[in-house]
Each structure stands twice: as structure tokens, then as C-alpha cells.
Peer 1: 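Take this structure, written in C-alpha cells, and hold onto it; I'll ask about it next.
Quick note on labels: first sequence line is chain A, next is B, and so on, each numbered from 1.
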Amino acid sequence: MATFAVLASSMNLRHFLDRHIEQSLLSIGVPDSPALVKQSGRPEFGHYQADGVMGAAKRLGKNPRNLAASLIAVLDLNEIATASVAGPGFINIALKPTFIATELSKMRKDTRLGVAKQKPQNIVVDYSSPNLAKEMHIGHLRSTAIGDAAVRLLEFLGHQVTRVNHMGDWGAQFGSLLAYMDRLTKKGEELATELKDLEVFYQSASQLFKSDESFANEARQFVVRLQSGDPECLRLWQQFIDESLNHCQATYDALDISLKREDVHAESAYNEGLPQVVKALESKGLVQVSDGAKCVFLDEFVGKDGKPLPAIIQKSDGGYPYMATDLVAVQYRSEELKADQALYFVDGRQSLHLAQVFAISRAAGFISEAQHFRHIPFGTILNKAGKPLKTRDGGVVKLADVVTESIARALVLVNEKTPSLSDQAKQEVARIVGIGAIKYAELSRNRTTDYIFDWDTMLAFEGNTAPYLQYAYTRIRSIFRQDKIDPNKIDGEFHLHPQSSAAAEISLAIKLLQYVEAVESVPDDYQANLLCNYLFELSCQFMSFYESCPVLKAEAKVRLSRLMLCDLTAKVLQHGLNLLGVSTLEKM
RNA sequence: GCGCCCGUAGCUCAAUCGGAUAGAGCAUCGGCCUUCUAAGCCGAGGGUUGCAGGUUCGAUUCCUGCCGGGCGUACCA
């Protein structure tokens, strides 16, 4: 499990209360008992609850309610909150409005919105990693969107992040593509024109491979020539790769993914290390030859009928499978990039493979005890028949098409909802809403489960979607526009006393203070949906507040306080969405 | 066969090292636009958390066994 150390003291209330209560337990003679502080599930139970007393009482053979009462007696939270015993021994904690107001003021003055930097680590993030012999399709969205959000978040937390786009640009699959390019060249066709539509190009080559035996033979020849370094063949290959990379980059740019050309570290980059890595493993005594293939057998991997499960590092024909490539990549990330952590945002179906890669790397000493290599798996996108979307048959959904479709749908909507905007403004709204919806759809659900691709679900614009959050943001901005107020030029004290504030106002205020908790919870397991949930709940709280608490028409003190509350909400929404790779708008 | 993942409202999903009455969105139904953007708000209905046991003061969560689904399991990646 990766560990993160916080540098400065953070404004994480949950952690603060957790530590404080744990120490208080210690002070009344209850050691080693976690306080188990969490946000309350219900408003009537206060804002936080500590559930640890019941377990502690049980271990000590004490009455839990009595122990809870003793604990409260020494808590000393007078300036911050009130605590009470409830039920079998829960401790309910309600923050005081004066404390909430003070914390909000601090948060408002902090450009990091209360989130402390962590002790910097070198973190390598492997994500997106499409195969260049195939068109980028909907299946690549998960790794790309989730990985990009992780990268942005880790950088914000102060880490040194290296993006690695481990693209598939090598291997047998390129044989038919190169053979097809070769044929076109000989026929005098303009390659640049043909390569403009890669999808058609892939399909033509693939069909020819199936239907034309002599073409299939040429394709196999090209594989051999490619791997032996034939210059003419490499030239063709490079031309194809360049075109394919341009296509990928265009898709990244369209989706506002932070990957750049220089982040590409493709499979072919590891070719020279392949013989070396086999030798290294042999010298450690880890290699056995089985059926002509060089294999590593580790006890922890058992195959069919209880037999040892091999990891093949060199095939019987002398070729290197991707196990070997991935092992060289581990060396690169460990030794060259000095990774404290390496995160692999890769389809869950690769679990066994990556477990083998990491286990072999540890056995061979490629990675040290202190280095954490982790597979962050995610589920598969399925078609309506419940089968994985495949590239070979017709059912491919091109990623670029999803982007186009989403923007088109958003444009229809903006025309309907806000006809007053200029055409140019509408286009921009449609673009930002469209790509936000796509990415958020990926990020907001649990990454581990499979799901069925459906246009309407993926491109939904209401409920827990990016447009809902973006809309909340524009409503706030509209308030400031209405009275021509510059949010950076207002200042004063928050007024959150119950007599002058609606419940919605207090709820919103507390939700804002919990931003740090949402952000810091994500790197535990890279569940971006935790941050999405938070932002959605924040937006819901704001929408309620907006309906029930007039801002501009309130009396002066309350008006100023509410303006600041709105401003802070806008800042958190924008910041959180940016961490997810989603942009905000002034109007929509 | 073995291994990993999954099974929660009609649908898509939440549920923070086991916690209080399992929550949202969509869909359905009923309200709310002379008042800061209705892509919105308020309310209603909808559940034996696949089944059966076990551990526990307390289980969607942990354990065991079934049922159902997905993926993986020696030279594709």
C-alpha cells in the first residue's frame, strides 16, 4: 500500500478529530484504539461521529456508554465542537458555527483551499497506452481519463509525476499494416492520403490478410524484416507510427488530456534491453527452459492441474513476448526514473500478467523494498450483448466519434436552453460540456466494474454529471455578474449563526471544509469517484442553498457572508473539476 | 479444474479500516419560473443487499458453502 506523508499541517477535520480523540483515549488509559472518526451519515447525529469507543470498551470489558462519557469529559473541544454520547456508544460531534466561520476564512485565504502538500515522491503513471495497430476506441477512455485525473491530482499534492504512455508500436500485428503500405507505395498511391483515415486503413489491411494468401505471406515477411532492423521496413514503420501518433495526439487534445508527444515511451523503446533482461534473470538463476521457451517459475503462481505457471520471457523461436518488454520497462522506471511509486492504469484482465511482472521484478531485484509498483485495474467496457467491444469486428466505437457526438448533443441542448448566446459562445459551451460529460461519466463510477456502453448513459447531461457541476458553477458566476462584483475584492466575516442562517447554508459551509478530505481520500486507491461524489454533493448543497437563501437581496452582513460562501463554492468546484480534467464555464 | 473480479430499487450506480432508519441519479407520479440561469428545486412511490449458514452488541462490508455472471489460466498483446 502506498504511503503518503503530509508535510504541512493540513486542514483535514476528520484527521484532526481522529488524532485528537485517539490521544484523548490514550490519556484516559485506553491505548491502541483507533477513534474511527467519520462524517456523520445523518444530520441529526451531528457532523462527525467517532465509532471507536465501542470496540475499545469491548476489548477492555467496560461499559461502552460509560467509557464514552469519560472520553467526552476530557475531550477539550470547546472552541470547536460539542460532543455527545448516543446509542450504544457512538460519539456525535457537532461543529460550532463560530469555528466553521473561522475555518472558512482560513480556507478562503488559502490558494490550495486547505489541502497541504505531501512529501514529494517520484511517481510514474502508466496510462492510456493504446495499441497503434488499432484505432483508438471507446475502450481506451477508462485508462486515459482515470489516469489523467490521477496525474493531475498527484501533481497538485506536490509529487514529481512522470507520465508514461506505453503505446503498443511493435510486434507481429504490424506485419500486415506494413505489407499493405508497401503495396500501396508500389501501386503509386499517395500514402499520406491513405493514412488520413486510419480506420479504413486498418480494415483494408486486415481483410486482405484474411482473403489473400500471398498478402498474408508478405505480411509475415515484414514482421521478420521489422524485427531484424531492415532499414526500408523501419522507414515505412516510422511513417506509420508518426501518422498514428498524430491521430492519438489529436484525440488527446480534443479530450483535454494532459498527455503530450514526449510522454510516449512505446514498446519499441525497450527493444535493445530485451536480451539483457533475459541474461539478468538467467544470472539470478530464475530461468528454466521449458518446451524450448525460457520461463520464470515462481511458487506463488499455479496453473492448470496444480502445475507451476510459467512466465515466458523468451519464446522458443527466440522472439520476446510482452512479458520481457514489461520487465525492461520496470527496470527503466525503477532505475532511470527512480520511481518511488509506479502506477499502472491497465485493464483488470491484465491482473495476472502484471502480478507476474512485479513478482519477477522483486525476485530479480529490479525493484527495491521501498519502491511500490501497483496495478490500478478497471473493468471492461462491454457492448449491448454484454461482450467486450472488439476492434476486429464491426462493433467498434471510435473514441473520436464519441467526442464529436457528445459535442453535437451538447450543442443541441445549449441551443434549446440558452438561445441568447452567440454562435461562437454556444460552440465553446458545447465543447466544454461535451467533453466534460464523457470524462466525468468514466470518473464518477467505481472503476473496477464492467459496464455496458450506451450513448445515452455516457452522454447524459443531468443528474450526477459534469454539466450539473458546471451549471452550479455558472449560477454562482452569474450572481457576481449581476451586481458586477469582483469576488477577489470582497472580504469580511462569515455569519453562520443559526438564527440568521438557513440549514442549507450551514450544510454548504461544512461541505466546503470537507474538500480536503475528498481530495486526500483519492490516492488511497485512486477511486476518482470519491472526488466526483463530493463535488456532486457540494453542488446539490449549493443548489439547495441557492433556492432557499437569497444572496444579493440579503441584508448587508449576511449578503457579504453569502457572497463569500458562493465564491468559495465556485473556487472549490472549479478546482475539483480541474483535478478531474474537466473545465468550467462562465455561462452555459 | 484452479485463480481473480462481480451480484444492492425497474435501469445505471453509492454506501469512507464492520456502525445508527442501505443512499443518489435516470425512469414514473405530484408540486414550483412577474424574484440571483428551471441543464434547476421541493415532495411521493420503489429494497428479504443472489441464496443459506457462521463470527459480532451490530454485517452490503469479514468467514464458509452453494447459485449466477465476467475475465484469466505456456510461447497474441
Side-chain angles (χ1 to χ4, degrees), chain A residues 14 34 36 38-42 44-45 49 51 54-55 57-58 64 86-90 92 131 133 168 170-173 267 290-295 301-307 309-317 319-323 325-326 347-353 355 377 379-380 382 386-388 410 413-414 416-418 420 433 444-446 448-452 454 456-457 460-465 467-468 470-472 474-483 517-518 521 524 527 529-530 532-533 536-537 540 543-544 546-548 550-553 562 566 587-588:
Chain A
R14 191 175 74 83
L36 300 183
K38 52 189 237 181
Q39 294 173 17
S40 287
R42 296 171 172 279
E44 63 267 32
F45 298 148
Q49 62 185 62
D51 299 346
M54 290 171 284
K58 186 180 175 60
F90 295 101
N92 290 339
N131 189 330
W170 200 253
Q173 58 211 320
E267 288 180 344
S290 174
D291 293 343
K294 291 184 180 175
C295 304
F301 299 104
V302 180
K304 290 177 181 171
D305 306 322
K307 289 180 187 167
L309 182 70
I312 295 175
I313 57 168
Q314 188 171 17
K315 298 189 283 181
S316 51
D317 66 1
Y320 298 96
Y322 80 140
M323 177 64 69
T325 310
D326 282 352
D347 192 310
R349 289 174 294 185
Q350 300 290 333
S351 291
L352 175 60
H353 168 72
T380 309
L382 308 173
K387 298 290 179 189
L413 207 57
V414 72
E416 180 189 317
K417 303 282 185 188
T418 325
S420 59
V433 168
S444 61
R445 68 190 72 211
N446 186 317
T448 58
T449 45
D450 294 346
Y451 73 91
I452 293 167
D454 175 64
D456 295 329
T457 307
F461 295 124
E462 50 189 4
N464 185 5
T465 64
Y468 180 85
Q470 290 166 323
Y471 180 61
T474 62
R475 286 184 122 182
I476 299 172
R477 300 297 300 144
S478 176
I479 293 172
F480 286 93
R481 230 178 4 255
Q482 184 81 19
D483 271 15
E517 295 174 34
S521 71
D524 288 344
Q527 299 269 30
N529 62 314
L530 296 178
C532 293
N533 286 349
F536 178 61
E537 285 165 10
C540 290
M543 294 290 194
S544 295
Y546 182 91
E547 299 285 339
S548 62
V551 177
L552 295 174
K553 288 179 179 164
R562 286 181 177 171
C566 286
K587 294 180 186 175
M588 66 185 271

Peer 1: Could you please name the option among B:G19, B:G1, B:U37 that lies closest to any side-chain atom of A:Lys304?
Peer 2: B:G1
Peer 1: Nearest to the side chain of A:Arg349, which nucleotide is it out of B:C71, B:A39, B:U73?
Peer 2: B:C71
Peer 1: Contact class for A:Asp326 (heavy atom, under 4.0 Å): base, sugar-phosphate, or nothing?
Peer 2: nothing
Peer 1: State which of B:G40, B:C36, B:A77 makes the closest approach to the side chain of A:Gln173.
Peer 2: B:A77
Peer 1: Less than 4.5 Å apart, side chain to side chain, heavy atoms only: is that true for A:Lys587 and A:Arg477?
Peer 2: no
Peer 1: Please tabulate, one pair per line, each protein N/O and nucleotide N/O from nucleotides 22-32 of chain B that are separated by under 3.5 Å, including the distance.
Peer 2:
from  : atom 1 : to      : atom 2 : distance (Å)
B:G23 : OP1    : A:Arg42 : NH2    : 2.8

Peer 1: Pick base, sugar-phosphate or nothing for A:Gly348, based on heavy-atom distances below 4.0 Å to the nucleic acid.
Peer 2: nothing
Peer 1: Which is more 5' along RNA chain B, the nucleotide nearest A:Leu552 or the one nearest A:Gly168? Just name the residue.
Peer 2: A:Leu552
Peer 1: A:Tyr546 has a side chain; which of B:A74, B:A20, B:A38 sits nearest to it?
Peer 2: B:A38
Peer 1: If we take the C1' atom in both B:U28 and B:G69, what is their distance in whole Å?
Peer 2: 29 Å
Peer 1: Nearest of B:A74, B:A15, B:A77 to any side-chain atom of A:Tyr322?
Peer 2: B:A77
Peer 1: Which whole number of Å gives the distance between the P atom of B:G10 and that of B:U48?
Peer 2: 8 Å
Peer 1: Please pick, from B:C13, B:C41, B:C17, the nucleotide with the shortest atom-to-atom distance to any side-chain atom of A:Arg445.
Peer 2: B:C13
Peer 1: Base, sugar-phosphate alone, or nothing: which one does A:Pro377 contact when heavy atoms must sit under 4.0 Å apart?
Peer 2: nothing
Peer 1: Closest-nucleotide mapping onto RNA chain B: is A:Ser544 or A:Ala293 further toward the 5' terminus? I mean the 5' end.
Peer 2: A:Ser544
Peer 1: When the P atoms of B:A52 and B:A59 are considered, how many whole Å apart are they?
Peer 2: 15 Å
Peer 1: Could you work out the separation of B:C66 and B:G1 based on their P atoms and round it to a whole Å?
Peer 2: 10 Å
Peer 1: Counting C-beta onward and ignoring hydrogens, is there a side-chain heavy-atom pair between A:Gln49 and A:Asn92 closer than 4.5 Å?
Peer 2: yes
Peer 1: Assess whether side chain to side chain contact (heavy atoms under 4.5 Å, CB included) is satisfied between A:Gln350 and A:Tyr322, documenting all intermediate values.
Peer 2: CA-CA 12 Å; A:Gln350 300 290 333; A:Tyr322 80 140; 2.9 Å; yes
Peer 1: Find out whether A:Ser290 and A:Pro310 are in side-chain contact, i.e. whether some heavy atom of one side chain is under 4.5 Å from a heavy atom of the other.
Peer 2: no
Peer 1: Could you check if the base of B:C33 is syn or anti? Syn means the glycosidic torsion is within 90 degrees of 0.
Peer 2: syn
Peer 1: Answer with base, sugar-phosphate or nothing: what part of the nucleic acid does A:Leu309 contact at a heavy-atom distance below 4.0 Å?
Peer 2: sugar-phosphate
Peer 1: Check RNA chain B for consecutive Watson-Crick or G-U pairs with both distances under 3.5 Å and list the runs of at least three as stems.
Peer 2: B:1-7 with B:67-73, B:10-13 with B:23-26, B:28-32 with B:40-44, B:50-54 with B:62-66
Peer 1: For B:A27 versus B:A39, give the span between their P atoms, rounded off to a whole number of Å.
Peer 2: 14 Å
Peer 1: Using atom types as modelled and distance alone, determine if a side-chain donor or acceptor of A:Arg14 lies under 3.5 Å from a backbone N or O of A:Gln39.
Peer 2: no
Peer 1: Mind checking the P distance from B:U35 to B:G23? Whole angstroms is fine.
Peer 2: 36 Å
Peer 1: Check every atom of B:U56, B:G40, B:G1 against the side chain of A:Arg475 and return the nucleotide holding the closest atom.
Peer 2: B:G40
Peer 1: May I ask you to say what A:Ala472 touches in the nucleic acid, namely base, sugar-phosphate or nothing, with a heavy-atom cut-off under 4.0 Å?
Peer 2: nothing
Peer 1: A:Asn533 near the nucleic acid: base, sugar-phosphate alone, or nothing, with a heavy-atom cut-off under 4.0 Å?
Peer 2: sugar-phosphate
Peer 1: Determine whether A:Arg562 and A:Pro550 make a side-chain contact, defined as any pair of heavy atoms from C-beta on separated by less than 4.5 Å.
Peer 2: yes
Peer 1: Go through A:Ile313 and A:Met323 one step at a time and tell me if the side chain to side chain contact (heavy atoms under 4.5 Å, CB included) criterion holds.
Peer 2: CA-CA 6 Å; A:Ile313 57 168; A:Met323 177 64 69; 4.0 Å; yes
Peer 1: Heavy atoms only, 4.0 Å cut-off, all strands: where does A:Pro550 land among base, sugar-phosphate and nothing?
Peer 2: base
Peer 1: Taking any heavy-atom pair under 4.0 Å as a contact, classify A:Ser548: base, sugar-phosphate, or nothing.
Peer 2: nothing
Peer 1: To the side chain of A:Thr449, which of B:G19, B:C6, B:U37 is closest?
Peer 2: B:C6
Peer 1: Counting any heavy atom closer than 4.0 Å, what does A:Ser478 reach on the DNA or RNA strands: base, sugar-phosphate only, or nothing?
Peer 2: base
Peer 1: Which nucleotide in the set B:A15, B:U37, B:A20 lies at the smallest distance from any side-chain heavy atom of A:Gln49?
Peer 2: B:A20
Peer 1: Look at all strands and tell whether A:Tyr468 reaches a base, only sugar-phosphate, or nothing, counting heavy atoms closer than 4.0 Å.
Peer 2: sugar-phosphate
Peer 1: Mind checking A:Met54 for me? I need base, sugar-phosphate or nothing, with any heavy atom below 4.0 Å counting as a touch.
Peer 2: base
Peer 1: For A:Phe480 and B:U37, what is the distance between atoms CZ and P respectively, to the nearest whole Å?
Peer 2: 12 Å
Peer 1: When the C1' atoms of B:U61 and B:A22 are considered, how many whole Å apart are they?
Peer 2: 12 Å
Peer 1: When you look at A:Tyr471 and A:Thr474, which way does the side chain to side chain contact (heavy atoms under 4.5 Å, CB included) test go after all the steps?
Peer 2: CA-CA 5 Å; A:Tyr471 180 61; A:Thr474 62; 3.8 Å; yes
Peer 1: For the P atoms, the ones on B:C42 and on B:A24, what distance do you get once it is rounded to whole angstrom?
Peer 2: 11 Å
Peer 1: Does the aromatic ring of A:Phe45 sit over the six-membered base ring of B:A20, closer than 5.5 Å centre to centre and tilted less than 30°?
Peer 2: yes
Peer 1: Of the options B:C71, B:A39, B:A74, whose atoms approach the side-chain atoms of A:Cys295 most closely?
Peer 2: B:A74
Peer 1: So does A:Arg349 get a backbone contact from the side chain of A:Asp347, meaning a donor-acceptor N/O pair under 3.5 Å?
Peer 2: yes
Peer 1: NA contact type, A:Phe301, heavy-atom cut-off 4.0 Å: base, sugar-phosphate, or nothing?
Peer 2: nothing
Peer 1: Counting any heavy atom closer than 4.0 Å, what does A:Lys553 reach on the DNA or RNA strands: base, sugar-phosphate only, or nothing?
Peer 2: sugar-phosphate
Peer 1: My understanding is that only residues two or more places apart in sequence, or in another chain, count here; which of them pass ring-ring contact (aromatic ring centres under 6.0 Å, His included) with A:Tyr546?
Peer 2: A:Phe542
Peer 1: How is A:Ser316 classified with respect to the nucleic acid when contacts are heavy atoms under 4.0 Å: base, sugar-phosphate, or nothing?
Peer 2: base
